[in-house]
Amino acid sequence: PNYLGFRQPSSMARKRRRAEQRTPAPSPPPLLRTKSSQRQPVVVFAHGAGAPSSSDWMTRWKEMAKDALDAIEVVTFDYPYMSGGKRRPPPKADKLVDHHLSVVKNAVAEHPGHPLVLMGKSMGSSCMVASSDDISVSAVICLGYPLKGVKGALRDEILLKLMVPTMFVQGNKDGLCPLDKLELTRKKMTCKNELHVVDGGDHSFKIGQKYQKSAGINQHDVELEAVKAIAQFVQNSIAESLT
């Protein structure tokens, strides 16, 4: 009975109210998913002059980069001179740009909305591709940049033209990139740039066993440290590009 004179809700209304209370919260809007994808890069990783994308070195660094950078994909490929299982001397880097750029454009088309990172072993074609007006690059990672040419001339022209944040990972025992020459080049570069030195590392960051023992280090940990530095640089560069 209704002693206070108010009309009590019917049993059907009470059931409807309980059902509404059990209704799950709506799913998050698409914008939230878009924001997370904006920080998950697609990486195009180019091999060096002497070994294809299937080499142990490239495979190992591809896996480390994918994990450390939380990449949506790390795309590797072979330049035409390396394909077919025949090892031929590489042409000049500028002759490889068109093929490299086509791979990059395909990767961007497959992962729209994701930041683009170019990573390259030795040869400077990644830097040349980064200067293309057809793509937007968040960061360039140079693994063992061959700054010193065969006749001693510096390969710094393309670096001085770069407008994209660029990171160098160099072994301090790499004869193709004297660190004092690289430091002078970095000071002249107009883009943001950083350097991570692999202590005791050669052109491929390999450290001799004697040096590892005397310095108390090991190859695996040193490479992981380098990849972590790359990940931090990429993360910062992407964050800056979104502001």
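The structure presented is a predicted model; accordingly, all values stated were derived computationally and were not measured.
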Roughly how far apart are [X] [atom1] and [Y] [atom2], rounded to 0.5 Å?
{"X": "I158", "Y": "S126", "atom1": "CD1", "atom2": "OG", "result": "11.0 Å"}
{"X": "H99", "Y": "Y81", "atom1": "NE2", "atom2": "OH", "result": "10.5 Å"}
{"X": "L147", "Y": "T185", "atom1": "CG", "atom2": "OG1", "result": "4.5 Å"}
{"X": "K105", "Y": "D134", "atom1": "NZ", "atom2": "CG", "result": "4.0 Å"}
{"X": "L184", "Y": "D156", "atom1": "CG", "atom2": "CG", "result": "10.0 Å"}
{"X": "K95", "Y": "S125", "atom1": "NZ", "atom2": "OG", "result": "14.0 Å"}

When you measure from the side chain of [X] to the backbone N and O of [Y], does any donor-acceptor pair fall under 3.5 Å?
{"X": "T59", "Y": "S55", "value": "yes"}
{"X": "Y211", "Y": "D199", "value": "no"}
{"X": "T243", "Y": "S241", "value": "no"}
{"X": "H203", "Y": "C177", "value": "no"}
{"X": "D174", "Y": "N172", "value": "no"}
{"X": "Q219", "Y": "Q212", "value": "no"}
{"X": "R39", "Y": "Q235", "value": "no"}
{"X": "D202", "Y": "F205", "value": "yes"}
{"X": "Q170", "Y": "L179", "value": "no"}

| request: Check each of R60, K206, K228 against E223 using the side-chain hydrogen bond (donor to acceptor under 3.5 Å, both in side chains) test, and report the only one that passes. | output: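 Single pass found, and it is R60.
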Closest non-hydrogen atom pair between [X] and [Y], with its separation:
{"X": "A65", "Y": "M119", "result": "CB-CE, 3.7 Å"}
{"X": "S122", "Y": "P146", "result": "O-CD, 2.8 Å"}
{"X": "V44", "Y": "A107", "result": "CG2-CB, 3.9 Å"}
{"X": "L159", "Y": "C127", "result": "CD2-SG, 3.9 Å"}
{"X": "D70", "Y": "Q40", "result": "O-CG, 2.7 Å"}

| field | Exceeds 12 heavy-atom contacts within 6.0 angstrom, atom CD of E183 | value |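 Enclosed.
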| query | More than 12 heavy atoms of other residues, nucleotides or ligands under 6.0 Å from NZ of K192: is that the case? | reply |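 Above 12, so yes.
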Looking at side-chain heavy atoms only, is the closest gap between [X] and [Y] below 4.5 Å?
{"X": "I141", "Y": "L118", "result": "no"}
{"X": "W61", "Y": "I230", "result": "yes"}
{"X": "S138", "Y": "V234", "result": "no"}
{"X": "F45", "Y": "V117", "result": "no"}
{"X": "P165", "Y": "F233", "result": "yes"}
{"X": "I238", "Y": "P41", "result": "yes"}
{"X": "L101", "Y": "V103", "result": "no"}
{"X": "M123", "Y": "Y79", "result": "yes"}

Among the clusters formed by ILVMFWY side chains lying less than 4.5 Å apart, do [X] and [Y] turn up in the same one?
{"X": "L176", "Y": "V169", "answer": "no"}
{"X": "M163", "Y": "V140", "answer": "no"}
{"X": "V164", "Y": "L160", "answer": "yes"}

| said: Check K66 with E73, please: is the shortest side-chain N to carboxylate O separation under 4.0 Å? | reply: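 Between K66 and E73 there is no salt bridge, as every charged N stays at least 4.0 Å from the carboxylate O atoms.
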| message | Applying side chain to side chain donor-acceptor pair (under 3.5 Å) to T166 and N193, what does each step give before you reach the verdict? | response | CA-CA 5 Å; T166 302; N193 62 86; over 6 Å; no
| task | Evaluate the side-chain contact (heavy atoms from CB on, under 4.5 Å) criterion for residues H47 and M82: first the C-alpha distance (whole Å), next the side-chain angles of each, then the deciding distance (0.1 Å), finally the verdict. | result | CA-CA 10 Å; H47 66 74; M82 186 68 77; 4.0 Å; yes
| task | Verify side-chain contact (heavy atoms from CB on, under 4.5 Å) between N106 and V104, making sure each step is shown before the conclusion. | result | CA-CA 5 Å; N106 287 339; V104 171; over 6 Å; no
| query | Should V75 and V43 be marked as a side-chain contact (heavy atoms from CB on, under 4.5 Å) after you check the CA-CA gap, both sets of side-chain angles, and the distance that decides it? | reply | CA-CA 6 Å; V75 178; V43 181; over 6 Å; no
| request: May I ask you to check whether F77 and H100 place their ring centers less than 6.0 Å from one another? | output: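 Aromatic pair counts; centres sit under 6.0 Å.
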| said: So that I know where these two stand, are F168 and H196 an aromatic pair - ring centroids less than 6.0 Å apart? | reply: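 F168 vs H196: aromatic centres not under 6.0 Å.
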| request: Establish, yes or no, whether the cationic atom of K121 lies under 6.0 Å from the six-membered ring centre of W57 and within 45° of the ring axis. | output: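 Yes, cation above the ring, under 6.0 Å and within 45°.
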| task | List the steps, then state whether salt bridge (charged side-chain N to carboxylate O under 4.0 Å, His left out) holds for E194 with R186. | result | CA-CA 8 Å; E194 290 185 13; R186 289 180 58 221; over 6 Å; no
| task | Please lay out, stage by stage, how N236 and Q232 fare under the test side chain to side chain donor-acceptor pair (under 3.5 Å). | result | CA-CA 6 Å; N236 293 342; Q232 188 62 59; 3.1 Å; yes
